[in-house]
*Asks:* 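Take this structure first; my questions come after.
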Protein chains: 2
Amino acid sequence: MSTARERILEATGELLATKDALAISTRAICDRAKVGMPEIYRQFGDKQGLLTAAADIGFERFLADKRRNPLTDDPVADLRTAWDSHVGFALRNPHLYRLMFTPTGDAKPQAIHEARAILLKAVERCRDAGRLRTTPELAGQTILSANVGVCMMALSFPELFGDPAISGSVRDAVIGKITGDEREDTRIGPATVLAQALVGTLTGSAPLDGAALDRLTGALRGPDAPPSEP
Amino acid sequence: MSTARERILEATGELLATKDALAISTRAICDRAKVGMPEIYRQFGDKQGLLTAAADIGFERFLADKRRNPLTDDPVADLRTAWDSHVGFALRNPHLYRLMFTPTGDAKPQAIHEARAILLKAVERCRDAGRLRTTPELAGQTILSANVGVCMMALSFPELFGDPAISGSVRDAVIGKITGDEREDTRIGPATVLAQALVGTLTGSAPLDGAALDRLTGALRGPDAPPSEP
DNA sequence: CTCTCACGATAACAGCGCTAACACTGCGGA
DNA sequence: TCCGCAGTGTTAGCGCTGTTATCGTGAGAG
């Protein structure tokens, strides 16, 4: 038989799968956990404390999800899959996610520091690969803020903001800007690639090469310039 | 003497300035509004209904704030000032903002459609100026999602995410990506401007001009290439 | 005048978070 | 063996909450 604390947390997690945190009564938790009412307060002091503890083990699952993603040799691509895994977790556990990232009152889950640290490590891998344009701290905060925003809007207004394309759009904008790694954009196509190469040359990440420049101007003067938009 | 409904909404707004929506009791509202308890239910049916109505008049103030910003001849710059005004409102009215953008239950404020419409108009001005790289709908959803994310993180974790630089970082990333209008980046400087001009030419928003191309290549071959980063 | 209807006051209900008081268990030390 | 003790279950209760029923008022419409 498991301990009382574990049963309470388990019951809370199960109820969070279907109901909002505030719609869960302590009595319902105790019924499901086969525990007397005072047990909650002996273990967690407070309903708030119980919810914070539940948010913390939610973070653990969240980070376990992220750790399952194998690291490739492209740290920027890893950043993008981490983003998608974040969104997936939020959509799979809406109430738990809200509890984790929009806590009520002043008791914040402790584990967000750990989440921030993991994201920081992923960003530092980009920096070590020479693919970061700001400080890792600012990059991590930027990515996480935008990521949470996409999830919260998708959860709060699914009919208006549930479109997965929004996530991709914000993701590529933020990660692209921070790493300087613009994604292929079908509306612009080869032009973006050329511009990227140009920027790379100018910033010194690639040496200024006269032959390359000739090829560039040749391509510019060449055919099939995309038509202007109406 | 004002009507009962107005007094209730006013009292709710005043209490929202200091306390969270869930920490406000109907009795406290009625006391402050000099109204009997049943009046709330006669007017709004529910506490949820009252909060939704309060969120709606919050949206009205929010949009009035935005309308105060005069339109310049640079629609992209207008987009950025709208972003900053959004963040300012959130920081000035934290509890009201949470009520507006993370509603509990399934009663969503109606006025978010209006907010979306206004943002859509601002984005369409960019499109009409030839400065939009996606559909206005996706652009608006992208900007609003990221904007809300920055605010929610700043409100929920001020010590970790309260830095105003985060807002600027996300803002420039998202708006820059969507409008193709990269901001001056001190790490890259003139190179970005040149690359922008190049992209503009290629996408047809500016005619392909041989003389301009010559000037470009001249500038590229010219002096003061920024040093490579360590 | 009477009828109606919006508003005010009072009291009650069930449910909530939370606490006090007490009984029971198992376990190590004297 | 007995004791103390820490962890756990049981019951009852407090004050507060959202919500509703009931009744009374007073002003305007017919």
Side-chain angles (χ1 to χ4, degrees), chain A residues 1-58 95-96 98-99 102-109, chain B residues 1-58 95-96 98-99 102-109:
Chain A
M1 185 104 167
S2 51
T3 150
R5 185 186 181 92
E6 292 170 341
R7 264 177 300 154
I8 293 177
L9 284 173
E10 190 179 352
T12 307
E14 291 168 4
L15 290 174
L16 271 177
T18 62
K19 302 167 82 174
D20 187 78
L22 292 156
I24 299 177
S25 71
T26 58
R27 284 169 173 85
I29 295 175
C30 293
D31 282 1
R32 178 176 272 262
K34 309 282 190 201
V35 158
M37 294 238 39
E39 205 57 34
I40 287 184
Y41 303 91
R42 280 197 273 257
Q43 299 285 345
F44 305 96
D46 216 348
K47 187 191 185 183
Q48 192 61 242
L50 166 58
L51 290 181
T52 311
D56 270 328
I57 74 167
H95 302 111
L96 179 56
R98 288 176 92 118
L99 187 62
T102 60
T104 59
D106 37 22
K108 319 289 183 190
Chain B
M1 185 105 166
S2 50
T3 147
R5 185 184 181 93
E6 291 171 342
R7 264 176 300 154
I8 293 177
L9 283 173
E10 189 180 353
T12 307
E14 291 169 4
L15 290 175
L16 271 177
T18 62
K19 301 167 84 175
D20 188 77
L22 293 156
I24 300 178
S25 72
T26 58
R27 283 171 175 82
I29 296 175
C30 293
D31 282 1
R32 178 175 273 262
K34 309 279 189 203
V35 158
M37 294 241 38
E39 206 56 34
I40 288 184
Y41 302 92
R42 278 196 273 258
Q43 298 285 345
F44 305 97
D46 216 348
K47 186 191 186 182
Q48 192 60 242
L50 166 58
L51 290 180
T52 312
D56 270 327
I57 73 166
H95 303 111
L96 179 56
R98 287 176 92 117
L99 187 62
T102 61
T104 59
D106 36 24
K108 320 289 183 190

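Since we're looking at a predicted model, the values are computed, not measured. Chain letters run A, B, ... following the sequence lines, proteins first, then strands; residues in each count from 1.
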*Asks:* Can you check whether A:Thr52 reaches A:Gln48 side chain to side chain, under 4.5 Å on heavy atoms?
*Replies:*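 The answer is yes; the side chains approach within 4.5 Å.
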*Asks:* May I ask you to verify if any side-chain N or O of B:Tyr41 is less than 4.0 angstrom from the OP1 or OP2 atom of D:dT20?
*Replies:*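 For D:dT20, neither OP1 nor OP2 has a side-chain N or O of B:Tyr41 closer than 4.0 Å.
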*Asks:* Per the end-axis method with five pairs at each terminus, what is the bend angle of the helix from C:dC1-D:dG30 to C:dA30-D:dT1, to 10°?
*Replies:*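 For the helix from C:dC1-D:dG30 to C:dA30-D:dT1, the axes at either end differ by 10°.
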*Asks:* Between A:Leu22 (CG) and C:dG17 (C1'), how many Å, whole number?
*Replies:*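 The distance from CG of A:Leu22 to C1' of C:dG17 comes to 12 Å, rounded to the nearest Å.
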*Asks:* Give the rounded distance in Å between these two atoms: NZ of A:Lys47 and C1' of C:dG15.
*Replies:*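 Interatomic distance, NZ of A:Lys47 to C1' of C:dG15: 12 Å.
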*Asks:* Which donor-acceptor pairs under 3.5 Å do side chains of residues 102-109 of chain B form with protein atoms, sequence neighbours excluded?
*Replies:*
unit_1: B:Thr102; atom_1: OG1; unit_2: B:Arg98; atom_2: O; d: 2.7
unit_1: B:Lys108; atom_1: NZ; unit_2: A:Ser156; atom_2: O; d: 3.2
unit_1: B:Lys108; atom_1: NZ; unit_2: B:Gly105; atom_2: O; d: 3.3

*Asks:* B:Arg42: which residues meet the side chain to side chain donor-acceptor pair (under 3.5 Å) condition with it, sequence neighbours left out?
*Replies:*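 Result, side chain to side chain donor-acceptor pair (under 3.5 Å) vs B:Arg42: B:Glu39.
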*Asks:* Whole angstroms only, please: what is the CG-C1' distance between B:Leu51 and D:dG18?
*Replies:*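 Distance check: B:Leu51 CG to D:dG18 C1' gives 12 Å.
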*Asks:* Side chains of A:Thr26 and A:Met37, heavy atoms from C-beta outward: is any pair under 4.5 Å?
*Replies:*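 A:Thr26 reaches A:Met37 side chain to side chain.
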*Asks:* Please examine the side chains of A:Phe44 and A:Leu51, heavy atoms only from C-beta on, and report whether any two atoms are closer than 4.5 Å.
*Replies:*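 They are not in contact (no side-chain heavy atoms under 4.5 Å apart), so the answer is no.
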*Asks:* Please give, in whole Å, the distance from D:dT17 C1' to B:Asp46 CG?
*Replies:*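 For the pair B:Asp46 CG and D:dT17 C1', the rounded distance is 13 Å.
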*Asks:* Side chains of B:Asp46 and B:Leu50: closer than 4.5 Å at any heavy-atom pair?
*Replies:*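 The answer is no; the side chains never approach within 4.5 Å.
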*Asks:* Starting at CD1 of B:Ile40 and ending at P of D:dG18, how long is that distance when rounded to a whole Å?
*Replies:*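 Taking atom P of D:dG18 as the reference, CD1 of B:Ile40 is at 8 Å.
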*Asks:* Atom CD1 of A:Ile29 to atom P of C:dC18: distance rounded to whole Å?
*Replies:*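 Result: 11 Å.
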*Asks:* Looking at residues at least two apart in the chain, or sitting in another chain, which of them share a side chain to side chain donor-acceptor pair (under 3.5 Å) with B:Arg32?
*Replies:*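 Only B:Glu14 meet the side chain to side chain donor-acceptor pair (under 3.5 Å) criterion with B:Arg32.
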*Asks:* It should be established whether B:Gln43 places a side-chain nitrogen or oxygen under 4.0 Å from OP1 or OP2 of nucleotide C:dC7.
*Replies:*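 True: B:Gln43 side-chain N/O within range (under 4.0 Å) of C:dC7 OP1/OP2.
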*Asks:* Please, which pairs that meet salt bridge (Lys or Arg N to Asp or Glu O under 4.0 Å) have at least one residue in residues 18-28 of chain A, sequence neighbours excluded?
*Replies:*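 Applying salt bridge (Lys or Arg N to Asp or Glu O under 4.0 Å) to every pair that reaches into residues 18-28 of chain A, excluding sequence neighbours, yields nothing.
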*Asks:* Okay, side chain of B:Arg7, backbone of B:Val35: is any donor-acceptor separation there less than 3.5 Å?
*Replies:*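 No; judged by distance alone, with no hydrogens or angles, the pair does not exist.
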*Asks:* Please determine, for the side chain of A:Ser25, which listed nucleotide (D:dG18, C:dC16, C:dG8) has the closest atom?
*Replies:*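 Ranking D:dG18, C:dC16, C:dG8 by closest atom to the A:Ser25 side chain puts C:dC16 first.
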*Asks:* Rounded to whole angstrom units, what separation is found between the CG atom of A:Asp31 and the P atom of D:dT10?
*Replies:*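 So the two atoms are 11 Å apart, to the nearest Å.
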*Asks:* Please tabulate, one pair per line, each protein N/O and nucleotide N/O from nucleotides 9-14 of chain C that are separated by under 3.5 Å, including the distance.
*Replies:*
unit_1: C:dA12; atom_1: N6; unit_2: B:Arg27; atom_2: NH2; d: 3.3

*Asks:* Expressed as a whole number of angstroms, how long is the span from B:Ile8:CD1 to D:dT19:P?
*Replies:*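 For the pair B:Ile8 CD1 and D:dT19 P, the rounded distance is 13 Å.
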*Asks:* Base, sugar-phosphate or nothing for A:Leu50? Non-hydrogen atoms, less than 4.0 Å.
*Replies:*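 A:Leu50: no heavy atom of the nucleic acid under 4.0 Å.
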*Asks:* Mapping B:Arg5 and A:Thr26 onto DNA chain C by nearest heavy atom, which one lands closer to the 5' end?
*Replies:*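 Of the two residues, B:Arg5 wins.
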